[in-house]
Structure formats: structure tokens, C-alpha cells
There are 2 protein chains.
Amino acid sequence: MGERIPTRHSLALSPSCNHCSLSNLCLPLAVSDGDMGRLDEVVNRGAVYDRGQAIFQQHTPFRSCYAVRSGAIKTSVETAEGDYQITGFYLPGEIIGLDSLHAEEYAGSAIALERSSVCEIPMDQLESLSFEIPTLQHHFFQLMSQEIQNGQQLSLLLSRKTAEERLASLLLSLSSRYERRQMPPTAFRLPMARNDIANFLGLAVETVSRVLTRFQSQGLATINGRSVESLDLEGLHSLLQSPGT
Amino acid sequence: MGERIPTRHSLALSPSCNHCSLSNLCLPLAVSDGDMGRLDEVVNRGAVYDRGQAIFQQHTPFRSCYAVRSGAIKTSVETAEGDYQITGFYLPGEIIGLDSLHAEEYAGSAIALERSSVCEIPMDQLESLSFEIPTLQHHFFQLMSQEIQNGQQLSLLLSRKTAEERLASLLLSLSSRYERRQMPPTAFRLPMARNDIANFLGLAVETVSRVLTRFQSQGLATINGRSVESLDLEGLHSLLQSPGT
DNA sequence: CGTGGACTTGATCAGCGTCAACCCTCGTGG
DNA sequence: CCACGAGGGTTGACGCTGATCAAGTCCACG
């Protein structure tokens, strides 16, 4: 259990953001080579979390955002009334915690879906740094506004789409994100449980299960537990066109 | 139609953000008196839009965010497939357009729900200015992360709440926001049509109508068209407690 | 005073949630 | 090595919430 296993892809020991294999997805893409040293001083690289462990928890003091380095993370918010909503799934190169920047406490929790490593970005230091590196401030504005848009897309999906469309959207989103990470877009492992998918998409677990088997029988994908194969990207896309107009 | 009517509350001619009656809600709260002049140079104050007019439109070149000065604004996104989702209602002192900061084009549209005036904030200038005024950059980070959280709350509402809970949430949100603006929290006018409410909350217009009349018959509010009176804040709040635990 | 859009009300219907049973997989321990 | 149990996943039957369709009313406007 507590054994130390080197993270795969040998990410673990990379001494600088500069040499990280994710440098074209992550913060480094906003920082010139000359300023990279400054970034390295601020970022704490490579903490590892096991499946189920929390990177941070709602209502604890806010310190840092985190860049996902390997694995996969889910973020969620919980209301006083006990409703629980997963707000996103994050893959390597993506940043979590941006929704808490304005507060003293984390606005939500982040849990590792599988053994994952993350890089800590202490935000007080980063904020100072971004006074000196204009492109960095600009990049954070971009990241956050992108995050707002993702939320809007999610809202749209939750209020207007059918169960099939929701699942199709999720599969296509994962597919394209894996593709950007040089991984096969039509065959991958789902890092999250059916439960998580259901919660994220605002459906019941049973519905998720049913729709996925329906996809299977329609030849849109081969799905076995968490493994997805031969995704029919075209077919899924055509599900999203509402028959309007 | 083209007649010039002075905006109410005599906001129209205020020469500086400093003297604006919204200065404790809007950008000025992040700027010291000494720096206020710099802010004034950047902000274009007081353009007026009639009901139905667009402050900006999706897919047009992004230039500026806008602070609502009087009236009320709705923002929305439209997908390629023709789905249309209202993403928020904005009251005086609130900022619109933050979701587009990262892009060349506006990610959504903003439409005046009633005759409204807004102050334009050209973002290239503001971004430069925020290098020099640390509290301003910080404030924008805060605004944006608040906006992300609003989106998460909306997602939660759309995926977990019943029609009654959604309406109750909206009424309570408006109520508390009016209160912060020194207006009565239990009696106000709804600036938006039933259609807009329905779209925003992911319901059919008919459902909105039915639920509102049900509220009325339960004594939770007196609702007549767009006028809301004697809101029972306690009662509405108790609707939100899911009977869990 | 008349017209069109916003709003309400009623009847019907279906998508998806809920409840319940079952299965499959994998890790644990005898 | 196998038995067991627990958690995740699938499948089926049923009912409810809210969408849809269809009239009808109210109101603001010209």
C-alpha cells in the first residue's frame, strides 16, 4: 500500500517545468525560456496521490492551484443541503483550483481518480510573479475565462440535452483531450466510475449504464467496464445535432 | 425612440467612477483614491441600451467587458446546433464579458432586459493597468473565480434540483442581490420575461408559470406578471433543504 | 379599440429516476 | 487454490416530474 512506485512515463524526476513532457499544454507555454527559472522556483513538482485521496478539500484554507501531471482528478462541490455535484474531470496539463482564487477557502474538493501526480502552484507567489511576467498574467486570465466557458457548456448540456447527447458529449470531450495528449482518440480507459459519470452529467447511474450499452448495440463503441474501444466519432457527433431547423 | 432620456437615479452624468453610486460594488472598490484617475481614463462611462438591444454579440471581436450601471442584462450562449442557453442575469455593479477574456471573439451575447446603461472596460488597457495596480489584478482574479463558482452553482441547480427549488433559488438570489443594492428584498420587479427564466433554469415556460402560481397559493409570494411582493424568504429557503440525512 | 405577444391553465405523454434483483470482478483470507 | 464478500455494474418493471400540445386570458401597445 505505502510502497513507492515510480510514476509512469518517468515524469517523476523532471527537475524543471522546462523539461516536462507537458510543457506545451501547461503553464510553461506562457513563459519564455528566460523566465522559466522563476516559474521553477515557485512550483512544487510531483506530489503523488493514490486513488481516492484528496488533493484539497472544500472549506479548507486556500493556498494553491495544482497542475495535473499524470493520472486524472475529479473536482466537486457540496452544498450545505448535502447536494453533491462533480464539476469536472481533469487530465494531465490541466489546472485545478481556479474556482477558489477569490476566497479564503477552497470552493470545492479535488480527488484523485487513479494514482496521480500533481504540481503545486502557490497562488500568492504566482500572483506576484505574474506582475513581472505579463504573459503569465494573461495566461491565467485565459485559463479562468476558459473555465467559465466550460461551466457554461456544462450548464447548457445539463439543461437542454438528452441522456444520449450528454454521454456522447462526454465521450467526445475525453476523446479530443486524449488526442491532444498524443493518445489514441478512439480507444482509452475511462478513469472514473459510472457513479461519477452519472453525477457529472446529472443522470442516474442506471441511465448511464443503459445508454452506454445502447451505444454498444448501435455500433458506436465497444465498451467493457472502463475500457472504451473503436469509438465512432462521426456517429457520436451526429447524435449532437438536434433535429431542429 | 431615439429620444434622450436621462437615466434614473441620475447616474447618467457622473464624471468619475469615484462618484458613482455603485462604487462600493463595482471596480472602484479595488482601487485606491490615488489610482482612481487612471481607472477613469480607461473606462467609457454610461452608454445606454434599450430593451432588446445587444451590448455585444457572440462571435464578434472581443474588445471590452462591461459594468452594468443601471437596468438589467442577460447573457447567453448559442451552440452550432442551435441550442440557446441563458447563462446569467446581471444587475447594476456586476461585470459582464469575463467569459470571453481568453478569446478573440465574444463567447456569448449580452442583451438588455430593459433600458440599461453600462460602462465599457476595454480589456487591453485594463490588463496593462492591472500591472501597475496590484489590487486591480487581484480583483479581476476574484471576479472571474466568483464567476466560475456561479457557473458551478448553476450546474448543481440544473442537475439536482426540482422545478420548485430552481424557482426558489432564483427568487432568493435576486432578493439578496437587490438587498445589497439598498432595494427592498421582498418586493421587486422581475426584469426578465418568463421565457428567459425558463431557459435559464432549464424548464419549460409553462412549468415556470405553474410553479409561480403554486408559490402564490402557498402564500410564499404575491406575484403579478413581473411584480413580486411580500416574498416569504424563510419559506422559500426551507424549500431548498432537501429532506436528506 | 383592436392586435400581437406574454402569460396562464388544462390534458396528455414520455424520458428518466427509483426500486429491486442480479451479475461480474477482484481482493481477501481460510 | 478455492470460497467468500463487497462494491461496481447491468438489467428490468414501474411511476413521477416536467415537457409538449392546445386553448384561452391578460395586457401593452399602436
Side-chain angles (χ1 to χ4, degrees), chain A residues 1 3 50-52 74 83-86 111 113-115 157-170 189-218 221-228 239 242-244, chain B residues 1 3 50-52 74 83-86 111 113-115 157-170 189-218 221-228 239 242-244:
Chain A
M1 246 190 265
E3 224 182 327
D50 276 317
R51 168 196 288 217
K74 68 174 173 185
D83 306 285
Y84 179 82
Q85 168 78 28
I86 292 177
I111 311 267
L113 289 167
E114 57 191 37
R115 176 166 265 252
L157 177 142
L158 290 171
S159 73
R160 310 243 93 76
K161 308 271 193 179
T162 67
E164 297 205 343
E165 292 169 327
R166 297 182 200 196
L167 262 305
S169 290
L170 178 62
R189 282 204 109 247
L190 296 171
M192 71 295 275
R194 295 286 189 275
N195 241 322
D196 293 331
I197 297 179
N199 182 291
F200 178 63
L201 297 178
L203 299 171
V205 205
E206 295 92 328
T207 305
V208 171
S209 189
R210 274 186 257 272
V211 171
L212 288 182
T213 60
R214 206 179 312 156
F215 280 178
Q216 176 125 267
S217 69
Q218 296 174 241
T222 307
I223 299 173
N224 215 315
R226 298 200 181 178
S227 95
V228 176
L239 279 186
S242 46
Chain B
M1 247 194 265
E3 222 182 329
D50 277 316
R51 168 196 290 215
K74 68 174 172 185
D83 306 283
Y84 178 84
Q85 167 78 27
I86 292 178
I111 311 268
L113 289 167
E114 57 191 37
R115 177 167 264 252
L157 177 141
L158 290 171
S159 73
R160 312 242 94 76
K161 308 271 194 179
T162 67
E164 297 205 341
E165 292 169 327
R166 297 182 200 196
L167 262 305
S169 290
L170 178 61
R189 285 205 104 247
L190 295 170
M192 72 296 277
R194 295 286 189 275
N195 241 320
D196 293 331
I197 296 179
N199 182 291
F200 179 63
L201 297 178
L203 299 170
V205 204
E206 294 92 329
T207 305
V208 172
S209 188
R210 274 186 258 272
V211 171
L212 288 182
T213 61
R214 208 180 309 158
F215 280 177
Q216 176 125 265
S217 70
Q218 295 174 243
T222 308
I223 298 172
N224 215 314
R226 298 201 182 177
S227 94
V228 176
L239 279 186
S242 47

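From a predicted model like this one, the values you see are computed outputs, not experimental measurements. Every chain is numbered from 1 and lettered A, B, ... according to where its sequence line falls, protein lines coming before strand lines.
Closest approach to the A/Glu206 side chain among D/dG9, C/dC16, D/dT11 is made by D/dT11 (side chain taken as heavy atoms from C-beta onward).
Distances shorter than 4.0 Å separate some side-chain N or O of A/Arg226 from OP1 or OP2 on D/dG9.
B/Asn199 is listed as a side-chain neighbour of B/Gln85, based on a closest heavy-atom distance under 4.5 Å. Counting heavy atoms from C-beta on, the side chains of A/Asp50 and A/Glu114 never come closer than 4.5 Å.
Taking a cutoff of 4.0 Å between a charged side-chain nitrogen and a carboxylate oxygen, A/Asp83 and B/Arg160 do not qualify as a salt bridge.
Here the closest heavy-atom approach between residue A/Met192 and residue A/Arg226 is recorded as O-NE, 3.7 Å. Across every non-hydrogen atom of B/Leu158 and B/Gly202, the tightest pair is CD2-N, 3.9 Å.
Taking atom CD on B/Glu114 and atom P on D/dA28, their separation rounds to 15 Å, with Å as the unit. Between the C1' atom of D/dT17 and the CG atom of B/Leu167 lies a distance of 14 Å, rounded to the nearest Å. Rounding to whole angstrom units, CD1 of residue B/Ile223 and C1' of D/dC26 are separated by 17 Å. Distance, B/Arg189 CZ to C/dA6 C1': 13 Å, rounded to whole Å. Counting to the nearest Å, the P atom of C/dG15 and the CD atom of A/Glu165 are 12 Å from each other. Between A/Leu201 atom CG and C/dG17 atom P the separation is 10 Å, expressed in whole Å. Across the protein-nucleic acid pair, A/Arg51 atom CZ and C/dC26 atom P stand 12 Å apart, rounded to whole Å. In this structure, A/Asn199 atom CG and D/dG9 atom C1' are separated by 17 Å, rounded to whole Å.
Within 4.0 Å of B/Ala204, counting heavy atoms only, lies at least one base atom of the nucleic acid.
Counting non-hydrogen atoms of neighbouring residues, nucleotides and ligands closer than 6.0 angstrom, the CZ atom of A/Arg51 reaches no more than 12 such neighbours.
Heavy-atom distances under 4.0 Å link DNA chain C to B/Ser209, B/Arg210, B/Thr213 of residues 207-216 of chain B, given in residue order.
Taking B/Glu206 as the reference, nothing meets the side-chain hydrogen bond (donor to acceptor under 3.5 Å, both in side chains) condition, with sequence neighbours excluded.
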